[in-house]
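Notes follow once the structure below has been shown.
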Amino acid sequence: MRSYSGPSRVFVVKASSAFVKPGLNIKALASYGRLDVVARAAIAALSTRRGPRPDTVFYAVLEGSTKPVTVEFRGWEVPGRALASEAQVGEVLCALARGMSVPGASIVECDFKRLVLRLLSSLGPTRIFYMHEHGVDISQVELGEPAAFILGDHRGVERSVEQWLKDLGVRWLSLGPTPYFTEHCITYVHAVLDRAPVV
């Protein structure tokens with residue numbers, strides 16, 4: 001049996017145009033390659049009315065600058081209502097871009113492919129899912145935890161990367177034929193897992 005001691009839910013958003021910089025305007029996140037999409041996804045992944053989800057880690061791979069940046073948000077370390085709004089997520093990203101220490105968040109030295117390979121090594125391919133409307137319907141899959149879910153941003157994921165995921169054995173998972181916003185997919189997956197029996 002595979003030994004794994006990490007969070008039970010992992011969400012990875014590949015944001016092809018988003019970027020951060022020290023002078024980030026937190027009131028205009030859309031101006032930074034649709035960084036607002038990332039912020040809403042982070043809120044969906046980590047925040048509830050009762051506070052942050054202690055079982056979840058969220059990765060945003062920001063590929064809109066010359067050097068991609070991967071930001072990690074750890075739900076079990078996020079204080080109180082720290083990620084309850086886009087502006088608050090923007091504040092965290094701005095602080096990280098300035099090299100500041102932020103509870104529950106950090107920049108990790110890992111691009112998208114290296115991150116996926118790390119997840120494969122720790123979870124195995126049967127526990128990693130790529131969210132896409134052409135995947136297997138989620139109602140037909142018995143989801144268990146731990147599990148990781150890969151999503152694109154408003155542009156989606158490049159076909160070459162999708163093929164790479166297929167070649168790795170990553171399973172495609174669908175919420176139906178309609179493409180949903182990234183944050184809505186995350187919310188739906190949480191809802192399914194919240195109702196699922198512990199496996």
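- At a threshold of 4.5 Å between non-hydrogen side-chain atoms, the residues Leu193 and Glu145 count as touching.
- When side chains are defined from C-beta on, Thr48 counts as touching Arg53, because their heavy atoms get closer than 4.5 Å.
- The pair Lys27-Asp36 does not count as a salt bridge, with every side-chain nitrogen at least 4.0 angstrom from each carboxylate oxygen.
- Here the CD1 atom belonging to Ile26 is positioned 9.0 Å from the CD atom belonging to Gln88, to the nearest 0.5 angstrom.
- Using bins of under 30°, 30° to 60° and over 60° for the plane-to-plane angle, the ring pair Phe181/His184 lands in the perpendicular bin.
- Closest approach of Arg98 and Pro22 over heavy atoms only: NE-O, 3.0 Å.
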Steps toward side chain to side chain contact (heavy atoms under 4.5 Å, CB included) verdict (Asp167, Gln163): CA-CA 6 Å; Asp167 293 342; Gln163 185 59 52; 2.9 Å; yes

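- Taken from CZ in Phe129 to CH2 in Trp172, the straight-line distance is 14.5 Å, to the nearest 0.5 Å.
- At a threshold of 4.5 Å between non-hydrogen side-chain atoms, the residues Leu175 and Met131 count as touching.
- In plain terms, the two heavy atoms of Val116 and Ile128 that are nearest each other are O-CD1, 4.5 Å.
- Looking only at side-chain heavy atoms (C-beta outward), Pro146 and Val10 stay at 4.5 Å or farther from each other.
- Between the side chain of Arg9 and the main chain of Val57, no donor-acceptor pair closer than 3.5 Å is present.
- Separation of atoms CZ (Phe112) and CG (Leu62) is listed at 13.0 Å; rounding is to 0.5 Å.
- Linking Ile, Leu, Val, Met, Phe, Trp and Tyr whenever their side-chain heavy atoms come within less than 4.5 Å puts Val92 and Ile186 in one cluster.
- Here Phe11 and His190 bring their ring centres to under 6.0 angstrom of each other.
- Annotation for Arg127 and Leu123: closest pair CG-O, 3.7 Å, computed over non-hydrogen atoms.
- Under the 4.0 Å criterion applied to side-chain N and carboxylate O atoms, Lys113 and Asp111 are not assigned as salt-bridge partners.
- Within a 6.0 Å sphere centred on CD of Glu109, heavy atoms belonging to other residues, nucleotides or ligands number 12 at most.
- Remark: the backbone N or O of Gly33 is paired with a side-chain donor or acceptor of Ser17 at under 3.5 angstrom.
- With a 4.5 Å cut-off on side-chain heavy atoms, Pro7 and Thr56 do not count as touching.
- Remark: Leu173 CG to Phe149 CZ distance equals 7.0 Å, nearest 0.5 Å.
- At least one side-chain heavy atom of Leu115 sits less than 4.5 Å from a side-chain heavy atom of Cys110.
- One distance of note links CG of Leu165 with NE2 of His132; it measures 10.5 Å at 0.5 Å rounding.
- Residues meeting the side-chain contact (heavy atoms from CB on, under 4.5 Å) test with Ile43, sequence neighbours left out: Ser47, Glu86, Val89.
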Criterion side chain to side chain contact (heavy atoms under 4.5 Å, CB included) on Phe58 and Val13, from CA distance to verdict: CA-CA 8 Å; Phe58 173 80; Val13 171; 3.6 Å; yes

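- Between the Tyr59 side chain and the Ile150 main chain, no donor and acceptor come within less than 3.5 Å of each other.
- Closest of all the heavy-atom pairs between Val20 and Ala97 is CG2-CB, 4.3 Å.
- Closest approach of Ala18 and Val38 over heavy atoms only: CB-CG2, 4.1 Å.
- Side-chain contact between Ser106 and Val108 is present, with at least one heavy-atom pair separated by less than 4.5 Å.
- Qualifying side-chain contact (heavy atoms from CB on, under 4.5 Å) partners for Ser65, counting only residues two or more places apart in sequence or in other chains: Phe19.
- In this structure, the separation between CG on Leu119 and CG on Leu168 is 11.0 Å, given to the nearest 0.5 Å.
- Under the 4.5 Å side-chain criterion, counting only non-hydrogen atoms from C-beta, Ser31 is not in contact with Asn25.
- Applying the ring pair (Phe, Tyr, Trp, His ring centres under 6.0 Å) definition to pairs two or more places apart or across chains, none involves residues 76-97.
- Asp153 and Ser16 share a side-chain donor-acceptor pair at under 3.5 Å.
- Nearest heavy-atom pair, Gly23 versus Tyr32, reported as atom, atom and distance to 0.1 Å: O-OH, 3.9 Å.
- Counting only distance, with no hydrogens or angles, the side chain of Thr187 and the backbone of Glu183 share a donor-acceptor pair below 3.5 Å.
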